[in-house]
Participant: 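Mind having a look at this structure? Questions to follow.
Each chain gets a letter, A, B and so on, in the order the sequences are listed, and its residues count up from 1. Computation of the quantities below employed the complete heavy-atom set of this structure, encompassing side-chain atoms and omitting hydrogens, waters and symmetry-equivalent molecules.
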Protein chains: 2
Amino acid sequence: MRSNVARRQPETKPASSPASRPYRIEEQVGYLLRRAHQRASSIFQVTIGDPNITPTQYSSMVKLHEYTELSQNHLGRLVGMDKATMQGVVRRLKERRLVDSRPHPGDARRTLLSLTTEGQRLITKLLVNGPAVSRETLKPLTNQEQRQLLELLSKII
Amino acid sequence: MRSNVARRQPETKPASSPASRPYRIEEQVGYLLRRAHQRASSIFQVTIGDPNITPTQYSSMVKLHEYTELSQNHLGRLVGMDKATMQGVVRRLKERRLVDSRPHPGDARRTLLSLTTEGQRLITKLLVNGPAVSRETLKPLTNQEQRQLLELLSKII
DNA sequence: TGGGCATCGTACGTACACGAACGATATGGG
DNA sequence: CCCATATCGTTCGTGTACGTACGATGCCCA
């Protein structure tokens, strides 16, 4: 198609705006968010202080540290995770004895989650490194740009 | 709440900067990037025009559309994906007959990938919707903010 | 008070994402 | 020419992430 070598400027004129730029995957938000998230995760992994704790496990433990006790569903909503995803995260935390559970007294459908003593100890330790993770991730930006980025990301969630 | 109901201000004084704000998970880049990426992915899924094509499959096909033929490793570098991840993406695209492969003439280690005719047809169709995905994802922002966000994300990758 | 509807947690399937290890091949230096 | 080293693609294991379906339970209201 096109003619001999194919490439550059595929025949999609977006037709939307007249003077629209060519469509480059590297300039699309979704692509940039995926790459940025990749980088942030890898910085987290080497900076947080325990290579076996993942970002989602960390957020879950931080929330449990704040609230003391939460149902699995409620925790999932607080950290922005699907209940199906939450299930796996909680299972792994329980297997490692960082989280414990007991049935909800008044609602037999729910399970109340809380940190074990070891979980408390670990999250207290990891929280010290939390700021360093963000600092390292945002390093390429000036202070003002850092604030801007956080604000813009908040707006599109 | 503020006082007796269990928390706020856990006892971690970050100790780094004197006047540092309390550490809230919702204000950390990594967390915001995860949430933003989630939202972008779900917008992609309902907007791109084929629910069976994922964002990474899409980027891979766009690159193959641009370059005509690429080794698996090279493609992975272009779209920012690990070679192990690439393996699965390519396998699924081949299973659906959207991508084909042939051995590299001069290097027996490599496999050259290209779009099949059906792959060409599909990506040409999906590319029409590409801009709409980004537009929808960036909808909460003004034009200037949109440009800012893209620039800031590029900087931290 | 009972039936319909929502919510909670679980299970299964699919797809990313990456580290680690591996075999095959390529390449450069001695 | 041969070996050390690097690259290419594969496989395995672990951990998100979400849709869908399911059973159990709770709750509202007719």
Participant: Any idea which of D/dA17, D/dC18, D/dG9 is nearest the A/T56 side chain?
Facilitator: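 Given the options D/dA17, D/dC18, D/dG9, the side chain of A/T56 is closest to D/dA17.
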Participant: Is any side-chain N or O of A/N73 closer than 4.0 Å to OP1 or OP2 of C/dT7?
Facilitator: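 Looking at the OP1 and OP2 atoms of C/dT7, neither is under 4.0 Å from any side-chain N or O of A/N73.
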Participant: Find out whether B/Q148 and B/Q144 are in side-chain contact, i.e. whether some heavy atom of one side chain is under 4.5 Å from a heavy atom of the other.
Facilitator: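 Yes, close enough: below the 4.5 Å cut-off.
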Participant: Could you give the CG-to-P distance, from A/D82 to C/dC8, as a whole number of Å?
Facilitator: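 Interatomic distance, CG of A/D82 to P of C/dC8: 13 Å.
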Participant: With DNA chain C as reference, determine whether B/E95 or B/D107 sits nearer its 5' end, using the nearest nucleotide of each.
Facilitator: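 Closest to the 5' end, via its nearest nucleotide, is B/E95.
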Participant: Could you tell me whether A/R34 contacts a base, only the sugar-phosphate backbone, or nothing, with contacts defined as non-hydrogen atoms closer than 4.0 Å?
Facilitator: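 Result for A/R34 = sugar-phosphate.
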Participant: Counting the atoms with a prime plus P, OP1 and OP2 as sugar-phosphate, which does A/Q72 contact under 4.0 Å by heavy atoms, base, sugar-phosphate, or nothing?
Facilitator: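 Sugar-phosphate only.
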Participant: Given atom CG of B/L70 and atom C1' of D/dC8, what is their separation to the nearest angstrom?
Facilitator: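 Taking CG of B/L70 and C1' of D/dC8, I get 15 Å after rounding.
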Participant: Quick one: label A/S71 by what it contacts on the DNA or RNA (base, sugar-phosphate, nothing), any heavy atom closer than 4.0 Å.
Facilitator: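 Here A/S71 touches the backbone only, sparing every base.
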Participant: Atom CD of B/Q87 to atom P of C/dA21: distance rounded to whole Å?
Facilitator: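 Roughly 19 Å, once rounded to whole Å.
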Participant: In terms of side-chain heavy atoms of A/R110, which of D/dA17, D/dG9, C/dC8 is nearest?
Facilitator: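 Of D/dA17, D/dG9, C/dC8, C/dC8 is nearest to the side chain of A/R110.
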Participant: Nearest to the side chain of A/Q38 - C/dA11, D/dT11, C/dC18?
Facilitator: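 Among the listed nucleotides, the one closest to the side chain of A/Q38 is C/dC18.
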Participant: Distance check needed: D/dA17 C1' versus B/L33 CG, whole Å only.
Facilitator: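 That distance rounds to 16 Å.
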Participant: Out of C/dT25, D/dT10, C/dG9, which has the shortest distance to the side chain of A/K83?
Facilitator: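 Of C/dT25, D/dT10, C/dG9, C/dG9 is nearest to the side chain of A/K83.
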Participant: What integer distance in Å separates A/Q45:CD from C/dG19:P?
Facilitator: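 Checked: the CD to P distance equals 7 Å.
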Participant: Is a side-chain donor-acceptor pair under 3.5 Å present for B/T111 with B/Q72?
Facilitator: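 The answer is no; no qualifying pair exists.
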Participant: Which nucleotide wins on minimum distance to the side chain of A/R109, given the candidates C/dA6, C/dA17, D/dG9?
Facilitator: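 Side chain of A/R109 sits closest to C/dA6.
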Participant: Between B/K63 and A/E26 (salt bridge meaning N to carboxylate O under 4.0 Å), is one present in this structure?
Facilitator: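 Counted as a salt bridge, because a side-chain N and a carboxylate O are separated by less than 4.0 Å.
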Participant: With a non-hydrogen cut-off below 4.0 angstrom, is B/Q57 in contact with a base, only sugar-phosphate, or nothing?
Facilitator: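 Touches sugar-phosphate only.
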Participant: Which of the following nucleotides, D/dC8, C/dA15, C/dA26, is nearest to the side chain of B/R77?
Facilitator: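 Of all the options, the side chain of B/R77 is nearest to D/dC8.
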Participant: Whole Å only: how far is the CG atom of B/N52 from the C1' atom of C/dT14?
Facilitator: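 These atoms are roughly 11 Å apart.
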Participant: Quick check: on DNA chain D, is the nucleotide nearest A/A108 upstream (toward 5') of the one nearest A/A84, or the reverse? Name the residue that is more 5'.
Facilitator: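 With A/A84 and A/A108 compared, the 5'-side residue is A/A84.
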Participant: Tell me: NE2 of B/H37 to C1' of C/dA17, nearest whole Å?
Facilitator: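 Interatomic distance, NE2 of B/H37 to C1' of C/dA17: 10 Å.
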Participant: Nearest whole angstrom, please: distance from the P of C/dC18 to the CD1 of A/I43.
Facilitator: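 A/I43 atom CD1 is separated from C/dC18 atom P by 13 Å.
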Participant: Between A/G106 and A/T54, which residue's closest nucleotide on DNA chain D lies nearer the 5′ terminus?
Facilitator: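 It is A/T54 whose nearest nucleotide is closer to the 5' end.
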Participant: Do B/Y58 and B/L127 have side chains that get closer than 4.5 Å, going by heavy atoms?
Facilitator: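 A side-chain contact exists here, since the closest heavy-atom pair is under 4.5 Å.
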Participant: Quick one: sort the A/H37 and B/H37 rings into parallel, tilted or perpendicular, breaks at 30° and 60°.
Facilitator: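 Ring orientation, 0 to 90° scale: parallel.
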Participant: Give A/R96 one of three labels, base, sugar-phosphate or nothing, depending on what nucleic acid heavy atoms sit under 4.0 Å from its own.
Facilitator: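 Sugar-phosphate contact only - A/R96 comes under 4.0 Å of backbone atoms but never of a base.
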Participant: Should the pair B/R96-B/E118 be classified as a salt bridge under the 4.0 Å nitrogen-to-oxygen rule?
Facilitator: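 Answer for the salt bridge query: no.
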